[in-house]
Every structure is written in structure tokens, then in C-alpha cells.
Amino acid sequence: MSIPLIFESDRPALSCGYSPHDDLPAEIKGPPAHLLRDELDLPQVAEPAVMRHFVNLSTLNHHVDKGFYPLGSCTMKYNPKINEALAGLPGLAGLHPHQPVETIQGALELMYKLEKFLCEITGMPAMTLQPAAGAHGELTGMFVARAYHESNGNPRKIVLTPDSSHGTNPASIVMAGYTPASIPSKSDGRIDLEGLKEALNDDVAALMVTNPNTLGLFEDEIDEVAAAVHEAGALLYMDGANMNALMGLSRPGDMGFDIVHLNLHKTFSTPHGGGGPGSGPVGVVSSLEPYLPRPRVIREADGKYNFDWDRPKSIGKVHSHFGNFGMLIRAMAYIRALGPDGLKKASELAVLNANYIRHSLEGKYKLPFDGVSMHEVVFSADNQNTHGLKAVDIAKRLLDFDIHAPTVNFPLIVHEALMIEPTETESLETLDRFIEVMLQIDEEAQNDPDRLREAPLSTPVCRMNEVLAARKMDIVYKPE
Ligand SMILES: *Cc1c(COP(=O)(O)O)cnc(C)c1O
């Protein structure tokens, strides 16, 4: 690696001799003297070296501000930076959760109205903003389902999921005390209605469906699925993490879903991928509203906003205070800036971009399932596999072109899966370059397969033992 880092350079003569004038405002001059420590053993380096050190460090990892990030099911889209600035406004970022409600009317209004917007987008009558992530939304939804069935006298035992379901689905089912049972998909990648009907009985509490499913396909028999599930007295849950495929086009509530979660940190403008806070609101039909987490934000007759804690059937709290408020601000800004037409356009572009890639690569990369894609397209690396290559070799080679790898080996029902989600924020030029690189990689698979097996060759660290890297993580800098 040729990038200059400053950990080991220490030359007092280089230290910064440029000190600000005494009459500058305090915040420009830096930390006050009483907070500065002399004894810290920091390298003595000049300002340009410090700047280059941090800028270079910031680009060692791939990120969406640096390059294309088509990681399937993760919606690694570019989020407007102005929404970061809005969430950081002192009047919002400086709020304390224990402030009296008279002093946080604006924040409560934001929550109240965001809930209404998300209800409109999903077609659900009520929504909680408390859960902190998609999987947390699933867990909350499962608790609501359990509370509902318990109040009918029998919590039931099983929650069904299609075998294409997102990995968090069975995990949330188990955490809510249910037993997950998988139903096989049909040869077209959709739920097998007959198989579902056979699996439904009095023990089934719910069916949890990712729609569009993890193959990027819309569940086109969802009406019939909903009817069968309701007939059995069970609830229909939608994993709506990838709502960027549907906004303004169709609504879970209209499809017959009883519970749906959203990922604000995918569809609605919170950057993610670095493990920062997220938000996974959960919408429900009216009959499930009493079970939602408390408190709920309400608007009283005089127009004032308040918290309603008096909710005896509520499953209780699922997050400290009221959820991750900063994400709610970003979502509100995003929805207000785009408006109904803009949200619809975003979904149309997400779908168009995925299908553009599908169409451009289908001659060279195998498509395991026919039909139009939604927000993502899943290929199989089977064609390249005939040269002894795996999906991961293609993924690693992409890194040499400053493109993040797609999701590989998921969904599990596709052999050597390459799951590509371009998102709505990428330009035609970016998509064309990606397609060109993918076609070049296919050429290499035929003519120079070893190059793919050795890739990546241009990243700070090359092919790693991934098991060791995860099990024996070594993240502390040691001088050579
Ligand atoms: C991302 C995702 C999840 C999980 O969301 P987290 O916020 O990471 O917990 C669940 N389901 C689907 C379909 C997803 O894409």
C-alpha cells in the first residue's frame, strides 16, 4: 500500500507554526486551554500531512460517496446530504427526551405527521416509529401478532416463511417465541399457494413475506395468499425493507397485509452500512393498533400534541424513549422534498435500473428465474462456474474497478447467487460502466480465470482468509 499514513512520522521541526490570531472567535481557535493536555504523545506533523492522512484513511474502505455500491437487498443508495444538515439543526439535535411536552411540540408534530405519511405510503391505518431497525421491526410485529392471538385465547405456535425469505425473518420469529417453518417456492420463484394451503392450520400465527421477495420478484398471487392466510385465522406480515420498489405504485395495506415494517435507513434517506442508528417503523391494520408499542403520539382537541401512555393492550416499549428521532427527521425531509410524484418516480427508477442491468447482462450471466425484476436482480454465476469460478471470484474482481461487490450466495435457493441492487440514485453512465465491467469479467472468466481467483489486486488488502478475518479480528495498528 503506497498511501502515506502518519502514525510513525514524528519530526518536531514539521509541527504547525501557524497559530490563529488572539482576537478570533473562540470556536475557531479550537478547544479552550484548560481542556488541552500536554502529556499526549501525538506525532509532530504539519497540517497538510494530517489532512492527507485522514482523507486517505477515509477512502481505504469502499463507501457510497466513493463509488457504485450494488449490494443486493441492502439499498446502498446515495442519500441527500442536506438531510444530514437538517437532522443536525440545533433545535432538533439538541432536544432532550425528558423535556416537557410543551417544549417539544415541533418534534411531536414531526412524529405525528411522519406516521401519517408512512401510513399513506403503505396503506396501513396506524404505525409505530419506535423500532430501531428492520429486524427490530420484525420482532415488534411478531410481538404484536402474539398479543393479538393471545387476546383471542391462543397465541399459536408457528410462523411460516417462504424459503426465499430474508435471513432476519426466521431469526425474529424465533426471538418472538414462535417456531419458523419454511414453505418451498414454486419454479417461478414465488410462493407456492397450494404448498401454503397445506401448511396452514390452527397452529399457524402468521405468514411472513418479503415483498418484493429476495429474488427481486413481486409476489403476484398476494391476494390469494392473503385470503388463504386470513381463512386460517392467521396474520399476514410483510417485510417491507425494500419499499423503494413500491412507493406510489402499490401498497401493502391494499394487498391484504396486516403488519408491515419499513427500513427508513434503506428507503427513506438515513445513510447506513457503517452500523449507525436506523429506524424500522411498523404499520398495522386497525384491529392490531391497540397492541402497538407505547407511548403513541396523539393530537388533542386543542391542536396540541402529546404522548398517550394509557394503552392497556400495548406490548410495551421496544426502544428507550421514543425511537431514533434523527432518522425520523431525515425521512420527513426526504418525503416532503420528493412529494407523492417524486416518491413514485424514485420507485420507478429503482425498478428501471434493475431491469436495465438484467437485460444488459442476461446473455452472459445466467438468470435463474424469468420475469420482470423489481428493485434488484439475482443472477447465478453458473456460466462462469463451468470455468471453475465462483460468485465470490466475480464479486472480488469488481473491487479492482472501485465497485462494491453485489450480495453473493444469497438467496440460498439460487446456486452461486449474485444479487445486484443498483438503486434509484445511480446514473445511466454508472450503470453502463458496471455492465461493461461485468462483461469484461465474463471475458476474463473464459480467457484468464486465474486473474479472477486472485482478485482483488488493487485494494489495501487483497484476498483474505475470511473466516480468520472474522474470528481473529486484528484492528490495532502495529508499527512494522
Ligand atoms: C435489510 C433487510 C432486513 C433487515 O433490516 P436491518 O435494519 O438490517 O435489521 C430485513 N429484510 C429485508 C428484506 C432486508 O432487505
Side-chain angles (χ1 to χ4, degrees), residues 64 69-77 79 118 122 128-143 159 161-176 180 182 185 189-191 206-219 222 237-247 252 257 259-283 318-319 323-324 326-328 330-331 347 350 354 373-378 404 406-414 417 419-424:
V64 76
Y69 205 139
L71 186 69
S73 205
C74 294
T75 316
M76 302 306 292
K77 66 183 181 185
N79 292 295
L118 296 177
T122 54
T128 173
L129 305 173
Q130 252 185 54
H136 195 200
E138 294 166 22
L139 182 66
T140 305
M142 285 296 106
F143 283 155
V159 175
T161 53
D163 57 6
S164 61
S165 77
H166 192 270
T168 50
N169 294 179
S172 303
I173 292 167
V174 171
M175 286 186 75
S182 166
S185 302
R190 269 81 171 196
I191 295 172
L207 168 68
M208 202 171 200
V209 180
T210 304
N211 197 22
N213 69 24
T214 59
L215 298 163
L217 302 173
F218 188 78
E219 291 291 352
I222 198 66
Y237 183 100
M238 177 163 135
D239 178 334
N242 305 121
M243 196 66 196
N244 63 330
L246 302 178
M247 290 183 300
F257 284 98
I259 313 174
V260 57
H261 87 256
L262 301 172
N263 275 35
L264 298 190
H265 49 289
K266 284 180 183 165
T267 311
F268 297 98
S269 180
T270 283
H272 66 123
S279 181
V282 174
V318 296
H319 195 282
N324 286 332
M327 283 68 247
L328 310 182
R330 289 167 174 86
S347 284
S373 292
M374 295 298 288
H375 61 300
E376 64 193 356
V377 52
V378 179
H404 195 279
T407 297
V408 292
N409 301 333
F410 185 82
L412 303 174
I413 55 176
V414 174
M419 187 194 213
I420 299 168
E421 181 180 9
T423 85
E424 62 273 22

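Each ligand, and each atom within it, is numbered from 1 in the order the structure gives.
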How long is the gap from CG on N211 to CG on D239, to the nearest 0.5 Å?
9.5 Å

Rounded distance [0.5 Å steps], OG1 in T122 versus CD1 in I259:
12.5 Å

My understanding is that only residues two or more places apart in sequence, or in another chain, count here; which of them pass ring pair (Phe, Tyr, Trp, His ring centres under 6.0 Å) with H272?
H265

Return the protein residues near ligand 1 (heavy atom under 4.0 Å from any of its atoms), ordered by chain and residue number.
S73, A133, G134, A135, E138, H166, T168, T210, D239, A241, N242, N263, H265, K266

Only residue of N244, V377, V378 satisfying side chain to side chain contact (heavy atoms under 4.5 Å, CB included) with E421 is N244

Do you know the tightest heavy-atom contact between A331 and L264?
CB-CD1, 4.0 Å

Are a donor atom and an acceptor atom from the side chains of D163 and S185 found within less than 3.5 Å of each other?
yes

